[in-house]
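Notes follow the structure.
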Amino acid sequence: MTIQTDQEAGLSRLMARRPRLDPGHVWLAGAGPGDVGHLTLDAVSAMGQAEVVLHDALVGTEIFSLIRPGAELIHAGKRCGKPSSEQAGISAELVAQARAGRRVLRLKGGDPFVFGRGGEEILALAEAGIPFRVIPGLTAGVAGLAAALIPATMRGINQAIIFATGHGAESQHATLNWEAMAALGQPIVLYMGSKRISTIARRLMAGGMDAAMPAALILGATTARQEVTVTDLAHIAETAAGAEEEAPALIVIGRIVAMRQRISDLVAAVVPELC
Ligand code: SAH
C-alpha cells in the first residue's frame, strides 16, 4: 500500500468515528475563517450528515461543496452584527427545524462563540429542550494573524492579547474603555472594526498609545483574496476606510505587527523572488 492510500484509509476510519448527527438535534459548528483547509473533521462530518444547514455569509464559498447534496441551505445572518429581532428569528428557525425531526447544522464563520452569537443560539436551544452539540472553529483573530505572519504572542513583546469588537463603538451602548485598553500595552485584535476605527484609534491615542504603533489591516484572511496592509495607529483609519465592503477585515494594533516586516525582510534576503 502506498503512503497516500494508507493516509486515505486512516482518514476514512477517523471520519467514520465522528459523532452522529441525530434527527431532531442541532449542531452549532464553526467553519473557520474561509480556507477549507482550516475546517475541523467534525465540521466536515456535520456538513455530510445535515439535512438542513443554516449558514452565515461565509467567506469561503468552496466550503459549500462539502455539504451533502440535497441538503436544504438557508442563509441566516449578515456579515456584521444583526439586530436582535433577526437573531431571535434564527434561533426560532433552529428550534422549529429540530422539532420537525431534521438533522440541523448551524454553520458559522470562524468560531461560533467568538463574536458569533453562538451563546444566544445554544441558550434558545437549551430553553426549548433541543439536544445540541458545539463544534469549535478557528477564529479569524487567531488564524488571520497566523496567515498574515503576525505572531499572536511573542516572548518579550506581549503577555496577553485582546480580542475586541469595534461594532457599536460609537453608540451610547458602547461600554468598552479603549483608553484603559491602550494603557495595558498589549496588542488589540479588532473584529468588525473598520467602520469605527477612526473613533477607536483616536481613543487609543488619548489613552496614551503611540501614534507610531504598528497596525495592520488583514482583508479576507486565509482566502485567495487575502490582503495585508501594514501601517501605524495614526494612519490605520484611512487604510481601513470602506475595507469591509469588499471582504471581512481584521485590524491588529500592537508591536507584534512589526514581526511581519522582520520576517518578510529575512525571507526576501533568502528567497528574493518571494518578495
Ligand atoms: N465568529 C467569527 C467572527 C464573526 S464577526 C470568528 O470567530 O472568526 C465577523 C468579523 O470577523 C468580521 O467583521 C471580521 O472582522 C472578522 N473576520 C471573519 N472572517 C475573517 C477573514 N477571513 N478575514 C478577516 N477578518 C475576518
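We count ligands from 1, going down the list as the structure has it; atoms in each ligand are counted the same way.
- The side-chain contact (heavy atoms from CB on, under 4.5 Å) test with Thr239 is passed by exactly one of Val230, Thr231, Ile251: Thr231.
- Here atom 15 (O) of ligand 1 lies nearest to Ala249 when heavy atoms of Gly166, Ala249, Pro248 are compared.
- Those atoms of ligand 1 with a heavy atom of Phe115 less than 4.0 angstrom away are 4 (C), 5 (S).
- Ring centers of His167 and Phe115: at least 6.0 Å apart, outside the cut-off.
- A heavy-atom separation below 4.0 Å is found between Gly109 and ligand 1.
- The closest approach between a heavy atom of Ile218 and any atom of ligand 1 is below 4.0 Å.
- For the residue pair Gln49 / Arg103, no side-chain donor-acceptor distance below 3.5 Å is found, with atom types taken as modelled.
- The heavy-atom pair separating Ile150 from Arg260 by the smallest distance is CG1-CB, 4.0 Å.
- For Glu244, the closest heavy-atom approach to ligand 1 falls below 4.0 Å.
- Taking only nitrogen or oxygen atoms, main chain and side chain alike, Gly34 does not reach within less than 3.5 Å of ligand 1.
- Closest to atom 7 (O) of ligand 1 by heavy atom, among Asp56, Val189, Leu250, Thr139, is Thr139.
- In summary, Glu72 and Arg102 engage in a salt bridge, as defined by a charged side-chain N under 4.0 Å from a carboxylate O.
- Residue-ligand proximity: Asp111 is placed with a non-hydrogen atom under 4.0 Å from ligand 1.
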